[in-house]
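Since we're looking at a predicted model, the values are computed, not measured.
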Amino acid sequence: MNNRLFIGFTLVALITAYNVYQNRDSYSGNAVYTGYGFSFPYTENLNIFEMGIPEFGPEPSEFGGSLIAMTPSIDENFREIIVEWRTIQETPSIEEMMDLYLKDLATSSDVNFTDSIGPRHIQKGEYTIAYWIMNGNQRDLEFIVVHGIWVEPWESLRSNRVYIVGIITPPIGYTPDILDEMFRDFIEAFKSPV
């Protein structure tokens, strides 16, 4: 799993907040992220950061990578979307894979998760998505997060693509039910024609 996903979270957020928040414009409308075999809509005020993951190299590729889309400031309107993808041969248990991901994340980046709700499951076409809603903190930064995972067969490669998606918001003004709805809306709009 990507051990460094949350390590850079605080630094990226603070640097971005300092540089971008000072010169922010009035944003309107939506944009669509397209790349690496998937797409999703997002509000134009989100900044996109793409990176590789250790197993697949320093740059993202069709086979593996991660991205963060986040607002330029850490305030009550803060939102961060995380998408990680990787190509694997086996067909894993999504619950076990997410458990390993969350443990690895907590161990490597000083993230503490509490009050976990889940796993919950939803269907997207023929795929089952498992997701968890939980409170978290990292070095005095409190947040509420939903993490979801699913596996799609990549038949032309005789492999599978695993997606891990997260949405992070501040705890004030957001409830598990609101985050649940946000996640379901995001998954409905997420397209992946591998």
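How far CD1 of Ile94 is from CD1 of Ile149: 6.5 Å, rounded to the nearest 0.5 Å. Going from atom CD1 of Ile88 over to atom CD of Glu90 covers 4.0 Å, rounded to the nearest 0.5 Å. With values rounded to the nearest 0.5 angstrom, Phe38 atom CZ is found 5.0 Å from Phe190 atom CZ. To the nearest 0.5 Å, atom CD1 of residue Ile122 and atom CH2 of residue Trp150 are 8.5 Å apart. The CD atom of Glu55 sits 11.0 Å away from the OG1 atom of Thr87 when rounded to the nearest 0.5 Å. Of the inter-residue distances, the one linking Gln123 atom CD with Tyr127 atom OH reads 11.0 Å to the nearest 0.5 angstrom.
Partners of Lys103 under the side-chain hydrogen bond (donor to acceptor under 3.5 Å, both in side chains) rule, at least two apart in sequence or in another chain, are Asp99. Taking Glu50 as the reference, Tyr33, Tyr36, Ile48, Pro60, Leu67 meet the side chain to side chain contact (heavy atoms under 4.5 Å, CB included) condition, with sequence neighbours excluded. For Phe63, the ring-ring contact (aromatic ring centres under 6.0 Å, His included) criterion is met by Trp154, not counting sequence neighbours. Taking the side-chain hydrogen bond (donor to acceptor under 3.5 Å, both in side chains) definition, one finds that Trp85 meets it with nothing, sequence neighbours left out. For Phe183, the ring-ring contact (aromatic ring centres under 6.0 Å, His included) partners are Tyr131, not counting sequence neighbours. The side chain to side chain contact (heavy atoms under 4.5 Å, CB included) test applied to Pro171 returns Glu142, not counting sequence neighbours.
Looking only at side-chain heavy atoms (C-beta outward), Met98 and Ile164 come within less than 4.5 Å of each other. Within the 4.5 Å cutoff, the side chain of Phe186 has heavy atoms near those of the Ile167 side chain. With contacts defined as side-chain heavy-atom distances shorter than 4.5 Å, the pair Asp115/Met134 does not qualify. Using a 4.5 Å heavy-atom threshold, the side chains of Leu46 and Ile81 count as touching. Using a 4.5 Å cut-off on side-chain heavy atoms (C-beta onward), Pro170 and Ile144 make no contact. Looking at heavy atoms from C-beta onward, Val111 lies out of side-chain contact with Asn137 at the 4.5 angstrom threshold. Taking the side chain as every heavy atom from C-beta outward, Val145 and Trp132 never approach each other to under 4.5 Å.
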Q) What's the verdict on side chain to side chain contact (heavy atoms under 4.5 Å, CB included) for His121 and Ile129, showing C-alpha distance, side-chain angles and the deciding distance? A) CA-CA 5 Å; His121 297 88; Ile129 300 170; over 6 Å; no
Q: Walk me through it: do Val162 and Met97 pass the test side chain to side chain contact (heavy atoms under 4.5 Å, CB included)?
A: CA-CA 10 Å; Val162 176; Met97 196 163 183; 3.9 Å; yes
Q | Full working for side chain to side chain contact (heavy atoms under 4.5 Å, CB included) between Tyr163 and Arg86 | A | CA-CA 7 Å; Tyr163 287 102; Arg86 61 184 60 244; over 6 Å; no
Q. Does the pair Glu80 and Thr71 meet the rule for a side chain to side chain donor-acceptor pair (under 3.5 Å), with working shown?
A. CA-CA 7 Å; Glu80 179 175 343; Thr71 53; over 6 Å; no
Q: Applying salt bridge (charged side-chain N to carboxylate O under 4.0 Å, His left out), run through Glu188 and Lys124 and close with a yes or a no.
A: CA-CA 7 Å; Glu188 182 66 29; Lys124 182 172 174 68; 5.3 Å; no
(Q) Before you tell me yes or no, could you show the steps for Asp180 and Ile133 under side chain to side chain contact (heavy atoms under 4.5 Å, CB included), namely the whole-Å CA-CA distance, both residues' side-chain angles and the distance that decides it to 0.1 Å? (A) CA-CA 7 Å; Asp180 189 289; Ile133 301 169; 3.8 Å; yes
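Aromatic ring orientation, Phe113 versus His147: perpendicular (interplanar angle above 60°, classes split at 30° and 60°).
Remark: side-chain polar atoms of Asn45 are not paired, donor with acceptor, to backbone N or O of Pro72 under 3.5 angstrom. With Ser159 contributing its side chain and Leu157 its backbone, the two residues share a donor-acceptor pair below 3.5 Å. In this structure a side-chain-to-backbone donor-acceptor pair under 3.5 Å is missing from Thr169 to Arg79. For the pair Arg184 (side chain) and Leu179 (backbone), a donor-acceptor distance under 3.5 Å is absent.
For the residue pair Phe143 and Gln138, the shortest heavy atom distance occurs at CE2-N, 4.0 Å. In this structure, Val32 and Ser39 approach most closely via the heavy-atom pair CG1-CB, 4.2 Å.
Within 6.0 Å of CD on Glu181 lie no more than 12 heavy atoms contributed by other residues, nucleotides or ligands.
Applying salt bridge (Lys or Arg N to Asp or Glu O under 4.0 Å) to Arg161 and the options Glu152, Glu155, Glu62 leaves one that passes, Glu62.
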